[in-house]
Amino acid sequence: MVCTLDERKIFKSVPDERPPYTIVIPPPNVTGVLHMGHMLNNTIQDVLIRRARMLGKNACWVPGTDHASIATEAKVVQMLRDRGIKKSDLTRDEFLKYAWEWKEKYGGIILEQLKKLGCSCDWDRTRFTMEDDLSEAVIDVFIDLCNKGYIYRGLRMVNWDPAGLTAVSDEEVIHKDVNSKLYYVRYKIDGTADEWITIATVPPETILGDTAVCVHPEDERYAHLKGKFCIIPIVNRRVPIIFDDYIDKEFGTGALKVTPAHDINDYNLGLKHKLEVIDTLTPDGKMSEAAGHYIGEDRFVVRKKIAKDLEASGHLVKTEDYKNKVGYSERTDAVIEPRLSLQWFVNMPEISKPALEAVVNGNIKLIPDKFISTYRYWMENVKDWCISRQLWWGQRIPAWYDESGNFVVAKTSQEALAKFAEKNIKTNASAIKQDDDVLDTWFSSWLWPISVFDGFKDPENKDIKYYYPTNDLVTAPEILFFWVARMIIAGLEYRNDIPFERVYLTGIVRDKLGRKMSKSLGNSPDPLELIEKYGADGVRVGMLLSSPAGNDLLFDESYCEQGRNFANKMWNAFRLIKTGSLTHHCVNPETGRIATAWMKSKLNEQLALINDSYDKMRISEVLMIKYKLFWDDFCAWYLEMIKPAYGSVAVDTETYNTTIDIFENLLQILHPFMPFLTEELWHELKNRNNRDCIIVSTWPKQSSPDNAILEGMTHAQNIISTLRTFRNEKGISPKTQLQLLTKDKHQTTFDDIILKLANVSSIDKAESFDKGFAFMAGTQEYAIPFDQHIDTAAERLRIEKEIAYNKGFLDTVMKKLGNANFVSKAKPEVIASEEKKKSDAEQKIKSLEQQLNMMS
RNA sequence: AGGAGCAUAGCUCAGCCUGGUUCAGAGCAUCUGCCUUACAAGCAGAGGGUCACAGGUUCGAAUCCUGUUGCUCCCA
């Protein structure tokens, strides 16, 4: 080929009169590299896109990347550190210059990798969440939501990442089981000489921030402490003992130390009981001035120190081993600390209602639908979304503060000044300062299905009107909430329409032991090495062979091996057809006629199943049907039927041409899964021009199969298999010809094929069977005269076993039919089928008994 | 603590919604025989499951209901 499909812009889509089929890619992290999850996800999208294109839709797959603020910023900081530059020594602008430099260098690697996978994206449409137009949309949406009252700024307990120095969302916290210690510490009751209350805590360093001790109001052990105070050790602070039924009497000692600054539940207790809030941690996880002790030391160092100090002062009662869950930052792996801070939030309950409705009422379909209840549960309990991040890489929050802390939300400083003026706040350009924080990356990507078509910049443009709502979204269930749900919210809010019709949720790719693939485990194969080793088509097939929607895929390289073997099989079939003996000789035209008629019917029969499974998004089932259709039906049966015996010279152009047609149809059907090989063979098969590519060919039209031929062939296959088994068991070479005897009912249509595939010399009618091997295919009787030594006893045993089986079966049928309840209650067609079973079984038994008699 | 889901051949999964298809199917793996001029990355065959367990509903249960056990995910 002179130039690639991509270069010929075959993946390109522009609005036209055809119906659109649109997918927006879940944008991968711009600095990321392809991992197994991407492979699975994008292969599925490509399969859907390619089939839609062949169905005559205007297929548009929009690629792109997101800026992944925390991950990217962390990488840039690392790069700077390697060059001996500290982020804190740089201005914001200087830092961003480095960040963009990094992005230009490494951004887009992943898109190149997707091309190697064969992804047929419209690469001209590649977008990036931080490019100007998309950023402007983000800022406009922020301002709009502020104006609508959905966004507010508030003091909240957030998940603080002390390594990343930013708040992260609940979804970015990974809870892990860890072995900790539970410290039992006693606090002296104020005004007593030797009276104590003992609390249990995992992080004893937070004692420095304690502002109360809380017990259950009905806990008799502590009833006498009502109105009393106790003394916090080390800091010697006098704090109240409060009573609240929030307390679990059974846990620890039933007495809870309350640290409102560092625990969300304690914070709520603090609000309720009006407790003082003492923030004892610095942003980077060290003890703050307010802690009063251990200032500037890391919290984990202090944890050990304070335990010793408490022991020395006689406050430590005991320690216990304790298993608990600790939150870690998904990005930096630092232990997350709950921390009070001023952040920006989206008020979710109200704005998310239509999005809940859209899924519950079926406007948007989740596949598999078991995710609907999960989605509903989350949306009904949705919490406000913390959207500010203490980073520089991202869209800077358009809020402006004056010197006394008043703020307005505005796109530019000029507009901000105007807004201050409106509020009658006197200030000036040099006195106002923009918020230092940026917006959560999801606050960009929730606009993705709209912003990639410039739906914010130009809401009435041709693209957005044509492509939106998109058709399918393919993504991982892990981000159902923090991405999918939010896109639905944004879509309904800003287009008054859903962003996509269906969401296909893939499984998570795990290793064969069921562990998630991760860098630290080192259990993930390198996707590009896999492609190198098995070919992109082989890997694509391997990925999809066993990945039912929503179920995890236990990946094993042997799947790719299977994929490669299949590609190899296709190649070999091509060789037979195009360059092998088929081009020179062929079977007699009659055999060819039957064979092609059967194969065409088989193809149509299976194509109906394939189309149906596609519609139900059962992708691995689609693949398996195609796999068997090609390998079993086409190669193992059809090609063997028409393949000429050595030395045969009969030429039959019609059969040959039909075979090419069928092979082309099979290539088309397989094309979405195996784009490279099918395209290559498509061009090898015939001399086609640059435009005549399989990727833009028309999906084969399904017509009704000839059922008589299908049934007849199944019967013939039955006979052939029995003869092959017979040879196998008797050790008769496939080269030895056999004679086949039939009775009246036998249809001769497939005789040629039986002769060929079972190496039978002749098929003759006989009144009755003499000595030899008698068998049944369906309800018909056949025999092979066989005069070599036959183990009569073994044959008798075989037939007797078969009789016993059929009698047993007949018994169960008779029992049903003899049951008055069954006959009166079962549906007529069920009864009819039982009657048929009965007569078939009776006839079989009769024939088998005859055979038995003949042997004696 | 709560919510959701899963349990079918050695492995990965269909079938279950809507009970009845010759006493459960596939792919891979296994075993047997084959280097047959498209293909040993192959060909032809074979074996392999009391459908997790216990009850119940029904003429009839892998399929519907209840309970038990084990596992996974989500959220505390």
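Predicted, not measured: the structure shown is a model, and the values here were computed from it. Letters A, B, ... are given to chains in the order of the sequence lines, protein chains preceding strands, and every chain is numbered from 1. Computed from heavy atoms alone, side chains included, the values below leave out hydrogens, waters and symmetry copies.
In this structure, A:Y627 reaches the sugar-phosphate backbone alone: every heavy-atom distance under 4.0 Å involves primed, P, OP1 or OP2 atoms, never a base. When heavy atoms are screened at a 4.0 angstrom cut-off, A:K838 is found touching no nucleic acid atom at all. Residue A:R618 is classed as a sugar-phosphate contact, given heavy-atom separations below 4.0 Å to backbone atoms only. Looking at heavy-atom distances under 4.0 Å, A:D840 makes contact with a base. Within 4.0 Å of A:S833, counting heavy atoms only, lies no atom of the nucleic acid at all. Within 4.0 Å of A:R564, counting heavy atoms only, lies at least one base atom of the nucleic acid. When heavy atoms are screened at a 4.0 angstrom cut-off, A:A841 is found touching no nucleic acid atom at all. Residue contacts for A:K628: at a heavy-atom cut-off of 4.0 Å it reaches the sugar-phosphate backbone alone, with no base atom in range. If you check every strand for non-hydrogen atoms under 4.0 Å, A:S721 touches sugar and phosphate atoms only.
When distances are taken from the side chain of A:V830 to each of B:A38, B:G20, B:G42, the shortest belongs to B:G20. Checking B:C39, B:G27, B:A44 against the side-chain heavy atoms of A:N728 singles out B:A44 as nearest. Side-chain atoms of A:N568 lie closest to B:A41 of the nucleotides B:U12, B:A41, B:A38.
RNA chain B is contacted by both A:R510 and A:E640; A:E640 maps to the nucleotide lying nearer its 5′ end (nearest heavy atom per residue). When the nearest nucleotides of RNA chain B are assigned to A:R724 and A:K836 by heavy-atom distance, the more 5′-ward of the two goes with A:K836.
Here the separation of B:G56 from B:A9, taken at their P atoms, is 25 Å to the nearest Å. Nucleotides B:U30 and B:C71 place their P atoms 31 Å apart, quoted to the nearest Å. A gap of 12 Å separates the C1' atoms of B:C35 and B:C39, to the nearest Å. With C1' as the reference atom, B:A46 and B:U8 are 22 Å apart, rounded to whole Å.
Checking the phosphate oxygens (OP1, OP2) of B:G42, a side-chain nitrogen or oxygen of A:N565 falls inside 4.0 Å. For A:K383 and B:A76, the shortest distance from a side-chain N or O to OP1 or OP2 is below 4.0 Å.
For B:A62, there is no paired base (Watson-Crick or G-U wobble, both distances below 3.5 Å). In this structure B:G2 sits in a base pair with B:C74, meeting the Watson-Crick or G-U test at under 3.5 Å. Pairing for B:A44 is with B:U32, a Watson-Crick or G-U wobble pair whose two hydrogen-bonding atom distances lie under 3.5 Å. Nucleotide B:G49 forms no Watson-Crick or G-U wobble pair with any nucleotide shown, as no partner meets the under 3.5 Å limit on both distances.
Side chains of A:T659 and A:Y638: a donor on one and an acceptor on the other come within 3.5 Å.
Taking the six-membered ring where the residue is Trp, A:F630 and A:F566 present perpendicular rings, their angle passing 60° and hence far from 30°. Taking the six-membered ring where the residue is Trp, A:W631 and A:Y627 present tilted rings, their angle falling between 30° and 60°.
A salt bridge between A:E849 and A:K846 is absent, with no side-chain N of the basic residue lying under 4.0 Å from a carboxylate O of the acidic one. A salt bridge is defined here as a Lys NZ or Arg NE, NH1 or NH2 lying under 4.0 Å from an Asp or Glu carboxylate O, and A:K365 with A:D369 fails to meet this definition.
A donor and an acceptor atom sit less than 3.5 Å apart, one in the side chain of A:K569 and one in the base of B:C39.
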ring-ring contact (aromatic ring centres under 6.0 Å, His included) between A:F773 and A:F775: does it pass, once the steps are laid out?
CA-CA 7 Å; A:F773 171 75; A:F775 65 94; 5.6 Å; yes

